[in-house]
2 protein chains.
Amino acid sequence: MTDQSGNIFGDGPVVLQVGGPLYLQLKRWVEDAIKRGLIKPGDALPSERDLALRADVSRVTVRKAVQHLVQEGVLVQRHGSGTFVAPETQRVEQSLSQLTSFSEDMARRGMAVRARWLERGLYLPSPEETIILGLGSGERVARISRLRLTGDVPLAIERASLSSSVLPEPLTIADSLYKHLEKSGNRPVRAIQRIRAANIPEDDAHLLEVPVGSAVLHIERISYLATGRVIEFTRSTYRGDTYDFVAELRLGDPSNGARTP
Amino acid sequence: MTDQSGNIFGDGPVVLQVGGPLYLQLKRWVEDAIKRGLIKPGDALPSERDLALRADVSRVTVRKAVQHLVQEGVLVQRHGSGTFVAPETQRVEQSLSQLTSFSEDMARRGMAVRARWLERGLYLPSPEETIILGLGSGERVARISRLRLTGDVPLAIERASLSSSVLPEPLTIADSLYKHLEKSGNRPVRAIQRIRAANIPEDDAHLLEVPVGSAVLHIERISYLATGRVIEFTRSTYRGDTYDFVAELRLGDPSNGARTP
DNA sequence: GAGTGGTCTAGACCACGCA
DNA sequence: GCGTGGTCTAGACCACTCG
């Protein structure tokens with residue numbers, strides 16, 4: 001009697017509301033189905049060809065609607081497998097006033113985290129690195145790039161640059177960069193962080209396993225020793241769908257206006 | 001001999017490098033042209049039909065390449081007018097440790113800002129508003145929604161909710177909400193802010209004049225009086241391409257924001 | 001009105017996953 | 001091997017901008 005074979009929508013025709021371009025009508029229709037619980041996170045959508053047939057539109061139009069929803073993180077597509085309603089993801093919070101390292105931060109809240117090395121070693125510095133880190137001429141820069149994961153879910157890409165005088169042997173870092181720096185008395189006490197939103201480019205999208213163009217937080221951090229010396233320059237990319245930054249604001253003296261000295 | 005008529009690429013055929021999907025090849029080709037200065041911010045691209053002809057691909061394929069670049073903020077399209085290389089935008093910075101209002105913040109750095117009212121008045125509260133603002137039963141909520149602009153460029157959408165006991169007459173607000181609250185002794189002294197990246201949905205995209213799916217910063221702010229009472233609950237959406245948030249981090253006790261250099 | 005981007009179609013082939 | 005999504009085409013009409 002009923003069609004149980006993975007077809008959550010039944011097999012009747014798809015009836016669109018009127019108004020606007022077809023792909024937006026279809027998009028609304030899918031959003032509706034999800035909102036009403038006809039189809040839940042993890043469930044498969046009918047195939048593009050099936051939807052096209054039943055909504056009486058071309059497959060290109062179906063793809064345009066689906067593509068928008070993938071873009072917004074509502075759906076995920078797996079080549080050769082199907083289109084699915086995105087699972088709900090738990091968001092991670094990070095303080096914006098306390099200076100911590102990623103691994104310490106996660107350990108504190110009892111999350112299992114791993115890191116995959118992307119790059120590690122001594123390099124010729126870029127002009128930008130030379131200026132920001134205040135490198136002497138001929139001095140090398142230590143670069144550490146990591147992919148941060150909880151379980152199998154990538155969370156962030158972190159690319160740090162430090163003076164080679166501070167980190168002469170990048171390969172000896174075991175887990176936490178800040179712990180390592182602490183041993184040599186070089187742990188930063190202060191940092192300026194610049195945060196903005198961006199659409200992720202292709203290469204990073206693959207690393208973080210999100211669709212190209214997804215929103216991410218781009219964070220640039222410059223860390224200082226108590227002496228005022230710049231010790232670390234880090235560019236990180238955090239997945240927008242799993243990361244929250246939390247800040248506490250107070251009225252009054254801007255303290256520093258957050259300006260580099 | 002040379003074609004000066006707005007055709008920056010000349011009129012020869014477009015030669016693509018090999019490898020991968022055509023639309024990505026074409027995308028790379030356009031990026032290259034911009035990188036090499038053949039075409040500068042503000043310049044028009046050849047029309048989609050022209051590009052298709054010269055690259056020997058279909059217009060659909062051209063559109064897919066262009067669409068990706070629009071998504072990444074490299075190009076902008078104007079219906080009926082053409083496709084252009086995006087102008088470089090100046091980024092705005094905002095402190096993440098000092099509690100200020102948008103209008104005060106902008107006035108301080110001498111930027112001309114305007115606001116357009118989107119919504120203003122007393123409403124029946126949503127369950128969320130009731131809980132967060134601690135509304136009594138039957139109490140109304142004051143909602144203030146504004147579109148923030150500098151000149152003609154939209155910067156942010158701000159949707160604030162306050163208890164009607166604090167703001168009984170939302171229509172009387174002239175410019176700055178915080179100034180208004182100060183008059184009645186209700187200016188917040190502390191706030192918790194939650195920041196994350198998201199792809200902008202359709203409706204907000206029109207307001208901010210950015211393509212659907214662009215990266216934006218989503219900020220949720222809960223503000224407190226000195227008494228500890230919640231006074232304001234605001235959801236804002238900031239354009240990712242024009243807004244930077246700056247935070248200063250310090251090692252040690254997180255409960256005290258930032259003090260003593 | 002000429003030219004631009006925006007939407008849409010019907011049909012084709014390829015690359016991937018899974019049983 | 002079959003069904004899925006991924007890419008691509010040639011051609012059509014609409015909606016908008018601008019001279």
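Predicted model only: the values in this text are computed from it and were never measured. Per chain, numbering begins at 1; letters A, B, ... match sequence-line order.
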Can a donor-acceptor pair under 3.5 Å be found between the side-chain atoms of B:R49 and the base atoms of C:dG3?
no

Just the rounded figure in Å: distance from C1' of C:dT4 to CD of B:Q67.
17 Å

Exercise: identify the closest heavy-atom pair between B:P211 and B:S214:
O-OG, 2.7 Å

Without decimals, in angstroms, what is the distance between B:F84 CZ and C:dG3 C1'?
12 Å

Whole-Å distance between D:dG3 P and A:L45 CG?
19 Å

Let me know the distance between CD of B:E48 and P of C:dT7, rounded to the nearest Å.
11 Å

Is any side-chain N or O of B:Y23 closer than 4.0 Å to OP1 or OP2 of D:dT7?
yes

Rounded to the nearest Å, what distance is computed from the CZ atom of residue A:R59 to the P atom of nucleotide C:dT9?
13 Å

Begin with the C-alpha distance, continue with both residues' side-chain angles, and end with the deciding distance and a verdict on side chain to side chain contact (heavy atoms under 4.5 Å, CB included) for A:L208 and A:L147.
CA-CA 8 Å; A:L208 289 182; A:L147 180 67; 3.8 Å; yes

Measure centre to centre between the rings of B:Y238 and B:F245, then say whether the value is under 6.0 Å.
yes

Between the base of C:dG6 and the side chain of B:R78, is there any donor-acceptor pair under 3.5 Å?
no

Under 4.0 Å between a side-chain N/O of B:Q77 and OP1 or OP2 of C:dG6, yes or no?
yes

Quick check on C:dG17: is either OP1 or OP2 less than 4.0 Å from any side-chain nitrogen or oxygen of A:S81?
no

Nucleotide C:dA10, atom P - distance to CG of A:L53 in whole Å
11 Å

To the nearest angstrom, how far is A:L75 atom CG from D:dT4 atom C1'?
15 Å

Are any of B:T83's side-chain N or O atoms less than 4.0 Å away from OP1 or OP2 of C:dT4?
no

Please state whether the phosphate of C:dG6, meaning OP1 or OP2, lies under 4.0 angstrom from any side-chain nitrogen or oxygen of B:R63.
yes

Rounded to the Å, how far apart are A:L26 CG and C:dT7 P?
14 Å

For B:P41 and B:P87, which heavy atoms make the closest approach, and how far apart are they?
CB-CA, 3.9 Å

Looking only at side chains, do B:S126 and B:E128 share a donor and an acceptor under 3.5 Å apart?
no

Presence of B:K64 side-chain N/O under 4.0 Å of D:dC8 phosphate oxygens OP1/OP2
no

Whichever of B:H79 and A:L24 has the more 5' nearest nucleotide on DNA chain C, that residue is B:H79

